[in-house]
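Worksheet: one structure, shown below.
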Protein chains: 2
Amino acid sequence: MRRADFKRKTRVIVVDDNYDHASGIRELINLEQDYEVIANAGNVDVAISLIKKYQPDIVLMDINMPETDGITAISEIEKLGLKTRIIALTGYDEADLIYRAMKIGAKGYILKTMASAQLIRALDEVSMGKIYLPSVLCSKFFEYFQAAEKNEKAYNAADDEENLLNYLTNREEEVLGLLTEGITYKGVAQQLFISETTVKTHVNNIFQKLQVNDRTQAVLYAINKGFSSRKKAKIA
Amino acid sequence: MRRADFKRKTRVIVVDDNYDHASGIRELINLEQDYEVIANAGNVDVAISLIKKYQPDIVLMDINMPETDGITAISEIEKLGLKTRIIALTGYDEADLIYRAMKIGAKGYILKTMASAQLIRALDEVSMGKIYLPSVLCSKFFEYFQAAEKNEKAYNAADDEENLLNYLTNREEEVLGLLTEGITYKGVAQQLFISETTVKTHVNNIFQKLQVNDRTQAVLYAINKGFSSRKKAKIA
DNA sequence: CTTGCTCTAAATCTTTAGATCTAGTACTTA
DNA sequence: TAAGTACTAGATCTAAAGATTTAGAGCAAG
């Protein structure tokens, strides 16, 4: 690493409520000449103030602590906007934990059960700006990620059959599109070069088809069924 | 693999517009006793009809084809809801391509420049139901993924300072909450046990604070700024 | 060539919505 | 105690929104 040229070690803070475990990690890391553990923290509040003060290069964050959960902690730290990179550390390889940690900005994820060499490798990779996620955990992540994306799609598309938006005519879609921008009848009429009465007719037909009573409900229905995103897709 | 017990090879379809390259892959795969390439497709339309007909175990999909783009193709295939697993294959390691491919359900991603052993390993992993993403590509993915998540957050939260929702009083938040459900003044009045006039007063104050002219715009503002999700979070 | 759908638009009416101003009560803070 | 803020609510308008009915023009399919 280039930093070693300046004899500046990569500074690490370890956050773990288990003192013995934290000490173990400290010993392990301090054996490496490129790294030094500059502080330990037994809970999230202490951790955050230490991180603010010392702005370490890397934080090793235990995820399963009793009081505050580590996920929230990572989120808090990321909000600080420092260059500090976070590696999550847990005993479990649950897909949703991995997903959430990586989603909010963790740069690596390792299991406590993994060999100590893995820890050092994670430090090496992450300190160089890379992501470190062992392939097993990577699989877990994608398991969750792809399921989440699938659900979101299903939610937005809502099975096409039950999506009342599909019964709208082209013109009605256009009108609804303008309604979802918060435009008045008069405004819609001007934009589409039709009379206000015609707009009212269309809007009434839309209400019938979407089974709602007013524009606000229509707009809400449209948004929930992914209307706006579909529109954007069409334009783009 | 268990399938080998029944002497049933894992069936692969290769989709690549470059015939020479497709042939090369075919040769390579057919050297393995656990796999057989049952078809080649030079374009997406042919590919989809072949996949429908033969329902292969794995599809090797070239992403950078001239006519239809491979990403859309993957999406189409996933929509079929088969057990077929897709491995993306490209010449480039662009973060957004990897992100998009994995997002829509690809089970693996490999570069054409990678050693042939990688291809076989990918087949092995994916056919066992795992994800195959070499660590370099994994890093690329997360680079894009975390940036995307960060942007979305920034868009939704809108920096608190500029989020006009923060200027609303508790009562006004309640009223706005009901407006976002498409309820009339009268309805809001009944639910909150106050007069309709009072509701109008609140709503007017909301309009002032959010700098909008009517309820539809207020609701849209609220939704875009993550109002509903905040409400849900409070309830839960 | 007739049936049906889409888009257009008028007339008429009732109901909400929204703007504005005033004002009382209650609670907090300087 | 006086000033400030939140919540309440009245009166009085005007402007939109929405319901309903009727109807003509254009176009596609049977």
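Chain letters run A, B, ... following the sequence lines, proteins first, then strands; residues in each count from 1.
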Atom pair distance, as rounded to whole Å: [atom1] in [X] and [atom2] in [N]:
X	N	atom1	atom2	value
A/R215	C/dA17	CZ	P	11 Å
A/L192	C/dT8	CG	C1'	12 Å
B/Y167	D/dG4	OH	P	20 Å
B/E196	D/dT8	CD	C1'	15 Å
A/K200	D/dT22	NZ	C1'	16 Å
A/N204	D/dG18	CG	P	8 Å
A/N205	C/dC7	CG	C1'	10 Å
B/K186	C/dT14	NZ	P	15 Å

- prompt: Quick one: on DNA chain C, does B/T201 or B/T216 contact a more 5' nucleotide (nearest heavy atom)?
  reply: B/T216
Return the nearest nucleotide to the side chain of [X]; candidates are [options].
X	options	value
A/Y185	D/dT8, D/dG18, C/dT8	D/dG18
B/I194	D/dC7, D/dA9, C/dC7	D/dA9
A/T197	D/dC7, D/dG18, C/dA11	C/dA11

message: Between B/D16 and B/R26, does any NZ, NE, NH1 or NH2 come within less than 4.0 Å of an OD or OE carboxylate oxygen?
response: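 The answer is no: the pair does not qualify as a salt bridge.
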- prompt: For DNA chain D, whose closest nucleotide is more 5', that of B/D214 or that of B/T169?
  reply: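 Per heavy-atom nearest nucleotide, the more 5' residue is B/T169.
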Sugar-phosphate, base or nothing in reach of [X], heavy atoms under 4.0 Å:
X	value
A/T184	sugar-phosphate
B/T198	base
B/S195	sugar-phosphate

query: Are any of B/H202's side-chain N or O atoms less than 4.0 Å away from OP1 or OP2 of D/dT8?
result: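 Yes.
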- prompt: What about the rings of A/Y109 and A/Y99, do their centers lie closer together than 6.0 Å?
  reply: no
- request: Indicate whether the side chain of A/S195 and that of A/T198 have a donor and an acceptor atom separated by less than 3.5 Å.
  value: yes
field: Donor on one side chain, acceptor on other, A/S139 and B/Y132, under 3.5 Å
entry: no
task: Check A/D62, A/I86, A/V59 against A/V15 for a side-chain contact (heavy atoms from CB on, under 4.5 Å) and give me the one that passes.
output: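 Of all the options given, the one that passes is A/V59.
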